[in-house]
Every structure is written in C-alpha cells, then in structure tokens.
Amino acid sequence: QQQVKQSPQSLIVQKGGISIINCAYENTAFDYFPWYQQFPGKGPALLIAIRPDVSEKKEGRFTISFNKSAKQFSLHIMDSQPGDSATYFCAASIDNQGGKLIFGQGTELSVKP
Amino acid sequence: GAVVSQHPSWVICKSGTSVKIECRSLDFQATTMFWYRQFPKQSLMLMATSNEGSKATYEQGVEKDKFLINHASLTLSTLTVTSAHPEDSSFYICSARSRGYGYTFGSGTRLTVV
C-alpha cells in the first residue's frame with residue numbers, strides 16, 4: 001500500500017515532442033506528490049509538485065496532471081529537449097506522518113535531436 | 001533557494017574501515033533529514049529518517065549498527081558506514097526537509113569499498 005508504481009521504465013522522444021510519464025499509488029493518505037529529475041552522479045532535483053486538491057499544475061514546460069479518483073498522476077514535458085535527457089522519479093508522502101518520500105521506480109528519458 | 005551540501009562527493013575505502021558522510025543544510029534549518037541508498041539504474045531506497053537530537057528511525061532491513069546516523073543539529077546530519085564491505089558500495093544521498101522549502105536533496109556520495 002506504500003508503493004508508487006511508475007511507468008514506463010524508459011522513454012525515447014524526439015526533440016520537440018511531448019514526454020509523458022505516469023505514476024499510480026494505493027494509499028489515499030498521500031498528500032504530496034513531487035516529481036524529481038536526476039542526472040547521472042547527482043542527487044535528485046525537484047521539478048514540480050502537486051497536492052491532491054488540485055487537478056493540474058503547470059510550471060514552464062512541465063505539467064502535472066492529477067486524478068484523485070483513479071489514484072494516478074502524470075508528468076508531461078512539452079517541447080522536450082536533449083537537455084531533458086535524465087531519469088525522472090515520481091514520489092509521494094504523507095506530511096503528518098514523518099513525511100518520508102516513497103519513490104517510484106524511475107523513468108530514463110532520452111530525447112533525440 | 002534551499003541548498004543541501006553533502007560531502008564527500010566520492011570516497012574509496014578499504015574493506016573493514018569506516019566512512020563518514022556529512023549532510024548540511026546551508027541556508028535553512030531542517031526539521032527532518034533522510035538518508036537514501038541508490039544502486040545503478042534503480043530508485044532511491046530510504047534507509048533512515050532522523051530528527052535533530054533524537055535517535056534515527058531505520059527502515060526495515062537496514063542494519064542500524066552498520067549505518068550510524070547522527071543528527072547533531074538542525075543543519076547537520078552524518079551517516080557513518082562502519083566496517084564497510086564491498087557490498088556497501090553504492091550511491092548515498094541525503095535529503096533535508098523544512099516547512100518552508102519542502103525536501104531538498106544533497107548531491108550524493110559515491111562510496112566504493114575495495
């Protein structure tokens with residue numbers, strides 16, 4: 001019930017295309033859903049995050065879509081660029097229970113020029 | 001913005017020795033710090049959660065006597081890998097949490113035990 005399932009495991013997108021990564025969760029107590037970008041040999045960096053009272057959040061080329069009833073959320077990267085090539089992780093946490101982040105399995109994104 | 005400094009960025013040590021990794025929140029006070037371990041091409045696995053001045057809470061399967069965590073202040077947490085063995089070789093990442101900044105991750109430490 002604490003798991004966050006992420007798909008796909010890897011994704012290849014052409015430059016300018018849309019990258020879409022999906023996550024699903026079981027625990028309805030989760031109340032914070034961030035997405036992280038990680039480059040090789042570096043720590044994860046926060047891209048964008050959402051709380052369950054909002055269905056969509058957009059920051060620049062990055063958009064989170066959140067479907068509370070389906071217990072799913074997704075990351076859309078518009079106009080994907082080669083510099084976006086990295087591993088992306090979704091995560092979830094419960095703020096009032098210590099707040100530990102539960103990570104998805106990760107998606108390795110490659111944007112071809 | 002919030003910055004978490006993690007040192008060293010990489011370390012090589014001999015089997016049987018101990019290694020200490022430091023994690024500092026530079027411009028904010030962290031209510032909680034987390035330590036993760038990451039194997040190549042895999043996700044982050046939470047090892048333990050620590051709050052300033054109290055004992056760390058370890059995740060199931062993590063040896064607390066092997067991975068010593070000290071959270072001496074609101075800006076500093078350390079992870080000591082004791083009696084390291086080659087199977088402890090991994091990428092270790094800390095994260096600091098604060099009400100104002102959410103979760104901020106360090107840049108990670110690549111540990112190689114030879």
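The chains referred to below are lettered A, B, ... by the order of the sequence lines, with proteins before strands, and numbering in each begins at 1.
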| query | Which region of B/Gln38, side chain (C-beta onward) or backbone (N, CA, C, O), has a non-hydrogen atom less than 4.5 Å from a non-hydrogen atom of chain A, or is it both or neither? | reply | side chain
| task | Kindly write out the residues that satisfy side chain to side chain donor-acceptor pair (under 3.5 Å) with B/Lys41, not counting sequence neighbours, or none if the list is empty. | result | A/Glu108
| field | Residue part contacting chain B, namely of A/Leu101, when any heavy atom lies under 4.5 Å | value | both
| query | Are B/Thr57 and A/Lys100 close enough, and set up right, to give a side chain to side chain contact (heavy atoms under 4.5 Å, CB included), and what steps lead you there? | reply | CA-CA 11 Å; B/Thr57 301; A/Lys100 60 183 180 181; over 6 Å; no
| remark: Given A/Pro44, A/Pro34, A/Ala49, A/Gly106, the one with more heavy-atom pairs under 4.5 angstrom with chain B than any other is A/Pro44
| task | Examine whether an atom of A/Phe89 lies under 4.5 Å from a heavy atom of chain B, and if so say whether it belongs to the side chain, the backbone or both; otherwise answer neither. | result | side chain
| So if you build clusters from Ile, Leu, Val, Met, Phe, Trp, Tyr with side-chain heavy-atom gaps below 4.5 Å, do B/Leu46 and A/Phe103 land together? | yes
| field | Cluster overlap A/Ile50 with A/Trp35, hydrophobic side-chain contacts below 4.5 Å | value | yes
| Considering only heavy atoms, which portion of B/Leu44 lies under 4.5 Å from any heavy atom of chain A: side chain, backbone, both, or neither? | both
| field | Heavy-atom contact with chain B under 4.5 Å, split by part of A/Gln38 | value | side chain
| field | Those residues of residues 64-90 of chain B, ordered by number, that approach chain A below 4.5 Å (heavy atom to heavy atom) | value | none
| remark: Nearest heavy-atom contact between A/Gly104 and B/Ser43 is O-OG, 2.6 Å
| said: Hydrophobic clustering (ILVMFWY, side-chain heavy atoms < 4.5 Å, transitive) - are A/Tyr25 and A/Ile20 grouped together? | reply: no
| request: State plainly whether one hydrophobic cluster holds both B/Val62 and B/Tyr36, where clusters connect Ile, Leu, Val, Met, Phe, Trp and Tyr through side-chain heavy atoms under 4.5 angstrom apart. | output: no
| request: Run the numbers on B/Tyr103 and A/Tyr36 for ring-ring contact (aromatic ring centres under 6.0 Å, His included), then give the verdict. | output: CA-CA 11 Å; B/Tyr103 303 84; A/Tyr36 289 89; 7.6 Å; no
| query | Out of curiosity, does A/Ile18 fall in the hydrophobic cluster containing A/Tyr88 (side-chain heavy atoms, cut-off under 4.5 Å, transitive links)? | reply | no
